[in-house]
Amino acid sequence: MASSTPALRNFSSSFKLLNPRSVSSTPAHRLLPFKFSNPSPSHNLTLHSTHYSFPKPARSISFSCKAQSSPSDPPRPTKVQELHVYEINERDRGSPAYLRLSQKSVNSLGDLVPFSNKAPPSPGEAVGSNSGICVLIQNVPEKKGDRYEAIYSFYFGDYGHISVQGGYLTYEDTYLAITGGSGIFEGAYGQVKLQQIVFPFKLFYTFYLKGIKELPADLLGKPVSPSPNVEPAPSAKACEPHACIANFTD
């Protein structure tokens, strides 16, 4: 054993590195030889080397979805239909209410004006009503008026309702967006012209409706021209059955 000690202290070894590209996906075993520089002790040593390969980064996959309408869906109507509606405040329901949230003596940003009035297509018919809220955006003293952001709806009994939204100016004509509806007005879009007659008691609206089927005849009567002298008929004020449509919303 003593004679082998110097040989153990003076041995040379050689290592051969594997090409990284040749590494397989499963553990591989190779024998690496070791040889003593002094051949007197006849000892052969072998080492087991295990190599592992690392998985490649996963590829990122992207995809997009495109919504498609059913081939069986009928085309959306694009014909423009006009509907004329008055808004008449009969001073019978405490409308409008002015809420001075700004706590200022003059109309100021943030003041709210909720309202609810009758809305017949002509003064002789109590067809429906409208209701909503206006948020004051700007007081315009040089024009003796205000600019509001308005959100409200027109209700026509069994026929459904129309919703509108947009800027409302008390000192000039305004166009608001038609944002939708229900009943025969489902899918409605377009715009509505608001004409100020006597603020805030008489207004006249002309709807330019798209996206709906033909309007019924009883909503298409010849409108009374806008005038400060227009007044509801007594039967409309009394909401008598012959002056209302089915399930008139008061």
Side-chain angles (χ1 to χ4, degrees), residues 83-157 159-182 185 191-207 223-234 236-239 243-245 247-250:
L83 173 63
H84 304 278
V85 177
Y86 270 91
E87 177 184 342
I88 298 179
N89 187 334
E90 299 177 358
R91 303 170 178 82
D92 61 345
R93 58 185 72 190
S95 173
Y98 201 97
L99 309 179
R100 292 194 179 279
L101 299 187
S102 65
Q103 299 182 353
K104 296 181 179 179
S105 58
V106 297
N107 297 352
S108 302
L109 176 66
D111 290 348
L112 301 181
V113 186
F115 62 93
S116 176
N117 299 307
K118 289 181 180 177
S122 69
E125 301 175 41
V127 169
S129 64
N130 69 348
S131 59
I133 190 167
C134 295
V135 182
L136 194 141
I137 303 301
Q138 182 185 22
N139 175 246
V140 188
E142 63 273 18
K143 294 187 178 181
K144 299 180 180 180
D146 298 305
R147 180 167 65 92
Y148 292 91
E149 183 66 20
I151 304 173
Y152 55 113
S153 297
F154 293 78
Y155 297 93
F156 300 98
Y159 287 129
H161 86 284
I162 303 173
S163 294
V164 302
Q165 180 177 352
Y168 164 41
L169 309 179
T170 65
Y171 47 84
E172 64 185 39
D173 293 348
T174 306
Y175 284 88
L176 298 94
I178 298 171
T179 58
S182 64
F185 304 107
Q191 61 182 350
V192 56
K193 180 181 180 180
L194 185 161
Q195 294 176 259
Q196 193 78 51
I197 303 174
V198 180
F199 176 78
F201 304 111
K202 292 178 184 178
L203 297 89
F204 186 75
Y205 298 86
T206 302
F207 288 86
V224 176
S225 299
S227 168
N229 298 322
V230 169
E231 292 292 338
K237 285 187 175 183
C239 296
C244 303
I245 62 172
N247 291 322
F248 160 67
T249 307
D250 188 3

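Closest of all the heavy-atom pairs between N89 and P96 is ND2-CD, 3.5 Å. Closest approach of K202 and S227 over heavy atoms only: CD-O, 4.4 Å. The nearest pair of heavy atoms linking E87 to N117 is OE2-ND2, 2.7 Å. Summarising the geometry of V164 relative to V192, their closest heavy-atom pair is CG1-CG1, 3.9 Å, with the distance given to 0.1 Å. Closest non-hydrogen pair, P226 versus Q195, comes out as CG-OE1, 4.3 Å. Considering every non-hydrogen atom in both I197 and P228, the closest pair reads CG2-N, 3.6 Å.
Figure legend: R147 and Y168 shown without cation-pi pairing, the cationic atom not lying both under 6.0 angstrom from the six-membered ring centre and within 45 degrees of its axis.
The backbone N or O of I88 lies less than 3.5 Å from no partner atom in the side chain of K118, so there is not a single donor-acceptor pair. Here the side chain of Y86 pairs no donor or acceptor atom with the backbone of P223 at under 3.5 angstrom. T179 contributes no side-chain N or O that, together with a main-chain N or O of Q165, makes up a donor-acceptor pair within less than 3.5 Å. A donor-acceptor pair under 3.5 Å is formed between the side chain of S108 and the backbone N or O of V106.
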inquiry  = Please evaluate residues L194 and L176 with respect to the criterion side-chain contact (heavy atoms from CB on, under 4.5 Å), reporting the C-alpha separation (whole Å), side-chain torsions for both, the decisive distance (0.1 Å), and the verdict.
reply    = CA-CA 8 Å; L194 185 161; L176 298 94; 4.0 Å; yes
key: side-chain contact (heavy atoms from CB on, under 4.5 Å) evaluation trace for I133 with F115   = CA-CA 6 Å; I133 190 167; F115 62 93; 5.7 Å; no
task = Evaluate side-chain contact (heavy atoms from CB on, under 4.5 Å) for H84 paired with F204, printing each intermediate quantity in order.
result = CA-CA 7 Å; H84 304 278; F204 186 75; 3.8 Å; yes
ask   = Stepwise, does the side-chain contact (heavy atoms from CB on, under 4.5 Å) test hold for I162 with F207?
value = CA-CA 10 Å; I162 303 173; F207 288 86; 3.9 Å; yes
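In summary, the side chains of Y171 and Q196 do not present any donor paired with an acceptor at a separation below 3.5 Å, with no hydrogens or angles considered. A donor-acceptor pair shorter than 3.5 Å can be found between the side chains of D111 and S102. In the model, S95 has no side-chain atom that pairs as donor or acceptor with a side-chain atom of S116 under 3.5 Å.
Of the inter-residue distances, the one linking Y155 atom OH with S163 atom OG reads 6.5 Å to the nearest 0.5 angstrom. The CD1 atom of I178 lies 8.5 Å from the CG atom of L83; values are rounded to the nearest 0.5 Å. The distance from atom CG of L169 to atom OG1 of T174, rounded to the nearest 0.5 Å, is 4.0 Å. Q191 CD to Y175 OH: the interatomic distance, rounded to the nearest 0.5 Å, is 6.5 Å. To the nearest 0.5 Å, atoms OG1 (T170) and NZ (K144) are separated by 12.0 Å.
Aromatic rings from F156 and F185 are positioned such that their centres are separated by under 6.0 Å.
Looking at heavy atoms from C-beta onward, F201 lies out of side-chain contact with E90 at the 4.5 angstrom threshold. Looking at heavy atoms from C-beta onward, Q138 lies out of side-chain contact with D146 at the 4.5 angstrom threshold.
Counting non-hydrogen atoms of neighbouring residues, nucleotides and ligands closer than 6.0 angstrom, the CD atom of E172 exceeds 12 such neighbours.
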